[in-house]
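Working notes, beginning with the structure itself.
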Amino acid sequence: MPGYDPKEFETRLYQRWLEAGVFAPVPAKPGEQAFSIVIPPPNVTGSLHMGHALNNTLQDVLTRYHRMLGDASLWVPGTDHAGIATQNVVERQLMAEGTDRHALGREAFVARTWRWKEESGGRIFEQLRRLGVSCDWSRERFTMDAGLSRAVREVFVTLHEQGLIRRDHYLINWCPRCRTALSDIEVEHEEKAGNLWHLRYPLEDGSGHISVATTRPETMLGDTAVAVHPDDDRYRHLVGKKVVLPVIGRKLPVIADTYVDSSFGSGAVKITPGHDPNDYEIGLRHQLPMVSVMNVDGTMSADAGPYAGMTTAQCRQALVERFGADGTLERVDDHRHAVGSCYRCRNVVEPLLSDQWFLHVRDMADATLKALDDGRTRFVPAHWEKTYRIWMENIRPWCISRQLWWGHRIPAWYCDACSQTIVSREDVTVCPKCAGAVRQDEDVLDTWFSSALWPFSTMGWPEKTPDLARFYPTSVLVTAFDIIFFWVARMMMMGLHFMGEVPFRDIYIHALVRDEHGQKMSKSKGNVIDPLVIIDEYGADAFRFTLVAFAAMGRDVRLSEDRIAGYRNFCNKLFNAARYVALKREGAPAQATAADGATPAATATSPTASTSAAKPGATAAEGASPAALANRWIRSRLAATIEETRAALDSYRFNEAAHALYRFTWNEYCDWYIEISKVALDGDESERAETLQTLTSTLETLLRLLHPIIPFVTEELWQELSHDVRGSGEGALLMTQSFPELQPSWRDEEIDARMETLIEVVRSVRNIRAEMRIAPRIALDLWLNDGPVAEVVRQNEPMARRLARLREIHYGGGAAPKGCATAVVAGSEIAVPIAEHVDLAAEAQRLRKEIARVEKDLSRFTAKLADEKFRARAPEDIIEAELAKQSAAEQERDTLRSSLVRVEQAGGAA
RNA sequence: GGUCGCAUAGCUCAGCUGGUUAGAGCGCCUGCCUCACAUGCAGGAGGUCCCUGGUUCGAAUCCAGGUGCGACCACCA
């Protein structure tokens with residue numbers, strides 16, 4: 001039989017799921033529970049990176065989980081046209097061909113971009129399919145497809161009608177490289193080393209000068225005032241007077257405004273309303289002229305006088321030289337300050353006066369805050385809500401027009417003849433007023449405008465579709481924190497405004513994926529790990545398990561390849577466990593069925609959960625069947641694991657689900673249960689049947705538990721298992737099975753404790769063997785005193801014998817032979833004669849170490865119990881627990897001590 | 001400047017509502033090809049839970065301050 005080889009089945013199984021049509025939600029039925037997610041649409045021409053992998057794995061875990069819970073589950077896939085990003089890519093292609101978009105013309109450029117989209121658009125979804133995502137591909141959407149474009153127009157026109165979208169002349173962020181306006185959040189600020197130039201502006205009356213400072217000397221050409229604080233005694237007498245702007249010669253008023261900080265620099269500020277947001281506000285307050293000294297391409301404009309046509313850098317250098325020579329420059333300081341740059345091309349962004357379309361979001365923002373107050377939407381983890389609130393409270397009008405060609409063209413037309421502006425749902429060809437020719441606005445909308453509609457536009461809005469009725473609001477949005485403002489906030493606003501309801505109930509914010517040293521992955525750092533390379537090497541399941549196990553809340557995900565290898569090993573472990581079960585089932589009587597497991601989820605509970613045959617040991621008294629303890633124990637542990645897994649997934653604690661399942665699979669099912677089953681399967685017929693049944697049903701339930709996280713290997717094993725059980729034909733898909741139900745009646749603490757005892761006995765013997773360096777092949781004897789420990793061992797003798805590799809087990813108080821190694825389990829001494837195998841000095845040493853360890857614990861318990869305050873105030877059960885620990889430790893210590901005495905005597909005798 | 005997050009074993013990290021003898025993976029040491037798995041099995045070493053106070057019978061866990069990282073936001077010229 002071949003080993004675990006994910007390549008062998010992952011692609012094949014995905015194909016089978018596709019063909020089975022099981023990614024689409026089940027048909028609607030009354031009273032159904034709906035679960036829905038819309039994918040954060042990746043850039044249409046992008047390719048899969050780690051962030052996508054994490055984001056989509058988590059969505060897939062949730063979707064598969066809810067599908068198995070029986071919810072009508074929908075996961076809508078789609079892509080974003082990504083305005084600037086995509087246009088830049090195509091522009092770079094053109095540049096490489098020695099041309100540019102202006103040479104091509106708008107129509108040809110857009111056509112070319114569509115071609116590029118057709119070529120590369122499917123790539124990221126091909127990659128996502130390798131990950132195993134269970135999106136409903138029949139509902140795939142693109143932000144620029146016909147339906148979504150219609151939604152965009154509907155929204156734009158409606159908001160315009162409502163007076164919320166307006167065209168205004170305003171100071172906006174301008175990227176000279178992309179030659180477009182940007183919204184505030186598309187500008188990234190970075191602290192940079194710069195200079196502060198102090199310039200002298202002479203007073204008009206020749207009575208001296210005022211010193212002002214600037215970080216951008218070239219903007220001084222656009223100054224229209226000098227401002228001081230109204231309470232500043234140094235300048236009070238100058239307010240109302242005028243200074244002369246060097247170079248230009250413009251007369252600038254000295255004005256008083258409380259914005260000015262008297263303690264900074266000279267306390268006087270040059271005011272450039274055309275190139276600085278603060279100055280712009282002051283300009284409005286004081287009705288100052290607004291001079292724009294810069295062109296859209298970043299060169300100096302005609303208003304820059306002699307410097308017109310220079311780049312800003314050239315202009316700056318020329319001015320600084322000139323002022324240095326003529327004495328205008330007072331001094332230059334080093335100065336760190338924030339410089340804004342374009343989030344797409346990194347070039348410096350300039351504040352520029354421009355005509356743009358704005359969405360006035362104040363009221364819409366407030367509506368979203370109210371939705372949070374009402375608990376209609378919540379952030380998980382909750383602390384992101386504060387970040388969101390602060391931003392929303394300070395939000396300013398959203399500049400939604402972009403001077404690009406790739407995107408939704410703004411549905412506004414201008415009539416030059418009668419100066420009419422027409423905003424319309426339908427294309428306009430002639431002016432409705434004067435019947436003259438019209439021209440459409442050249443600009444397109446911000447990419448995020450259409451993304452903002454995503455939760456309802458993808459479901460067919462503005463039509464009233466069945467999908468909207470069933471699946472809106474969506475259940476949860478899964479995304480990273482870096483687009484809370486870009487996307488989440490805008491969806492909240494649009495969703496509430498147009499649907500009257502929040503777009504999602506929960507907003508699960510996950511971390512960013514970093515490399516194993518915590519560095520952000522980036523091409524320039526060369527630390528990018530390609531998800532597809534990982535999938536090729538370790539399989540999609542191992543990769544998914546790793547991402548899930550790392551996705552602790554509020555934490556960055558530091559991906560390390562060692563961990564991925566570790567979880568690959570886990571998949572291998574599971575694979576081999578199933579192989580073992582299959583092996584043992586060969587030739588077994590057919591009634592030992594577990595997997596009419598082919599029951600569809602629609603019929604609710606799994607067969608193993610609902611048939612009495614699936615309750616191993618439930619009726620068999622322990623002792624009647626030697627395997628009863630283990631069978632009941634693994635069932636009890638399985639029930640605990642179901643509970644943990646469901647609780648974890650219900651509350652987005654993905655990593656806890658992964659850990660609970662890892663532990664159960666490896667440390668309980670494989671390490672102990674399977675090992676014990678090897679003995680039990682050698683027993684009589686009823687024991688065999690019961691064990692085989694438990695072995696199988698536990699595996700079957702485990703596969704269902706693990707499926708949302710590692711869908712491929714679990715599906716593969718499920719298929720083999722049900723084929724094996726049913727004898728022939730293909731079983732139903734695990735994907736459509738029900739998720740294991742809670743089984744509180746399976747929990748049994750007493751059984752757990754008895755099994756713990758057996759495990760401890762085995763471990764103690766193993767420990768003695770290892771520390772005494774007794775070869776594994778040598779079987780040892782075991783002496784036990786009467787008591788509960790002996791009782792457990794007696795009833796499970798074949799297991800104990802095999803697991804600890806024992807020869808004879810002696811019960812009852814008879815004195816153990818001299819030269820024993822001893823240990824204490826649950827207060828009871830167990831002794832292993834070793835004299836013939838090893839020197840007693842080593843054993844004495846080992847015992848002393850054990851005694852020291854116990855004494856350390858004991859002193860802690862004793863001190864605690866001696867504390868009167870503790871005895872007086874701690875709850876009863878805590879005190880009792882502490883007392884129990886104390887007496888157990890005392891007993892263990894005493895037993896070990898007497899063992900030590902014996903060993904020393906024996907050693908002396910020898 | 002504002003806000004938030006993080007500091008636990010050599011490394012990467014768990015530790016949910018305060019009571020565990022503080023855990024996992026990798027790495028390390030010892031011994032094993034034991035008939036599912038050497039992508040494995042068994043045993044073991046390794047931790048002042050960043051510092052200082054406080055609340056509490058009891059703090060890795062809650063609070064305050066400090067230190068060190070990190071992120072986001074931000075119009076002091």
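Just so it is clear: chains get the letters A, B, ... in the order the sequence lines come, proteins before strands, and each one is counted from 1.
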What nucleic acid atoms does [X] come within less than 4.0 Å of, heavy atoms only: base, sugar-phosphate, or nothing?
X	value
A:Y567	nothing
A:R769	nothing
A:R860	sugar-phosphate
A:H275	nothing

Only one of A:Y508, A:F481, A:F379 forms a ring pair (Phe, Tyr, Trp, His ring centres under 6.0 Å) with A:W384, so which one is it? A:F481
Give me the distance, rounded to whole Å, that separates [N] from [M] when you measure between the [atom1] atoms they each carry.
N	M	atom1	answer
B:rC16	B:rA74	C1'	35 Å
B:rC49	B:rU3	C1'	27 Å
B:rG10	B:rG47	P	7 Å
B:rG53	B:rC76	P	40 Å
B:rG18	B:rC63	C1'	13 Å
B:rG46	B:rG23	P	14 Å

Upstream residue (5' side of RNA chain B) when A:K270 and A:E771 are each assigned their closest nucleotide: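 Nearest-nucleotide comparison on RNA chain B picks A:E771.
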Is the [atom1] atom of [X] crowded by more than 12 outside heavy atoms at less than 6.0 Å?
X	atom1	value
A:N394	CG	yes
A:K192	NZ	yes
A:R807	CZ	yes

Can you tell me the distance, in whole Å, between the [atom1] atom of [X] and the [atom2] atom of [N]?
X	N	atom1	atom2	answer
A:D261	B:rA77	CG	P	11 Å
A:E656	B:rC16	CD	P	8 Å
A:I564	B:rA24	CD1	P	22 Å
A:D334	B:rA77	CG	P	14 Å
A:N195	B:rA77	CG	C1'	14 Å
A:I674	B:rG40	CD1	C1'	13 Å
A:E330	B:rA77	CD	P	18 Å
A:K678	B:rC35	NZ	P	8 Å

Please list, pair by pair, any protein nitrogen or oxygen found under 3.5 Å from a nitrogen or oxygen in nucleotides 56-59 of chain B.
unit_1	atom_1	unit_2	atom_2	d
B:rC57	OP1	A:R873	NE	3.3
B:rC57	OP1	A:R873	NH1	2.1
B:rC57	OP2	A:R873	NH1	3.2
B:rC57	O4'	A:K869	O	3.3

Are A:K270 and A:T272 linked by a side-chain donor-acceptor pair shorter than 3.5 Å?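 Side-chain D/A pair, A:K270 to A:T272: present.
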Polar contact flag, side-chain donor to acceptor under 3.5 angstrom, A:D257-A:H286: yes
It should be established whether A:H659 places a side-chain nitrogen or oxygen under 4.0 Å from OP1 or OP2 of nucleotide B:rG25.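 So the side chain of A:H659 is outside the cut-off, no N or O lying under 4.0 Å from OP1 or OP2 of B:rG25.
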Does A:W666 make a side-chain N or O approach to OP1 or OP2 of B:rC41 shorter than 4.0 Å? yes
Selected nucleotide, minimal atom distance to [X] side chain, candidates [options]:
X	options	answer
A:K386	B:rG5, B:rU3, B:rC37	B:rU3
A:N767	B:rU12, B:rA77, B:rG44	B:rG44
A:C670	B:rU21, B:rG19, B:rA36	B:rA36
A:R766	B:rG43, B:rU20, B:rG25	B:rG43
A:K885	B:rA36, B:rG43, B:rU20	B:rU20

Within the modelled atom types, does a donor on one side and an acceptor on the other bring the side chain of A:E675 and the base of B:rA42 under 3.5 Å apart? no
Identify all side-chain donor-acceptor contacts of residues 867-877 of chain A below 3.5 Å with residues at least two apart in sequence or on another chain.
unit_1	atom_1	unit_2	atom_2	d
A:D867	OD1	A:K869	N	2.9
A:R871	NH1	A:L865	O	3.4

Fit a plane to each ring of A:F9 and A:F575, take the angle between them on a 0 to 90° scale, and name the class: parallel (under 30°), tilted (30 to 60°) or perpendicular (over 60°).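 Rings of A:F9 and A:F575: parallel, as their planes differ by under 30°.
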Would you list the protein and nucleotides 29-34 of chain B atom pairs, both N or O, that sit under 3.5 Å from each other?
unit_1	atom_1	unit_2	atom_2	d
B:rU30	O2'	A:R773	NH1	2.8

Mark yes or no: A:K573 above the aromatic ring of A:Y662, with NZ or CZ under 6.0 Å from the six-membered ring centre and no more than 45 degrees from the axis. no
Does this structure show an ion pair linking A:E890 with A:R893, if we count only N-O contacts that are shorter than 4.0 Å?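 Salt bridge: no.
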Of all residues at least two apart in sequence or in a different chain, which pass the side-chain hydrogen bond (donor to acceptor under 3.5 Å, both in side chains) check with A:T328? A:D326
Between protein and nucleotides 72-75 of chain B, what N or O pairs are separated by less than 3.5 Å?
unit_1	atom_1	unit_2	atom_2	d
B:rC75	O2'	A:N278	ND2	2.4
B:rC75	N1	A:N278	OD1	2.7
B:rC75	O2	A:N278	OD1	2.1
B:rC75	O2	A:N278	ND2	3.2
B:rC75	N3	A:N278	OD1	3.3

Dot-bracket summary - RNA chain B, pairs being Watson-Crick or G-U whose distances fall under 3.5 Å, with | when paired to another strand: (((((((..((((.....[...)))).(((((.......))))).....(((((..]....))))))))))))....
Quick one: CG on A:D482 to CH2 on A:W487, what's the gap to the nearest 0.5 Å? 11.5 Å
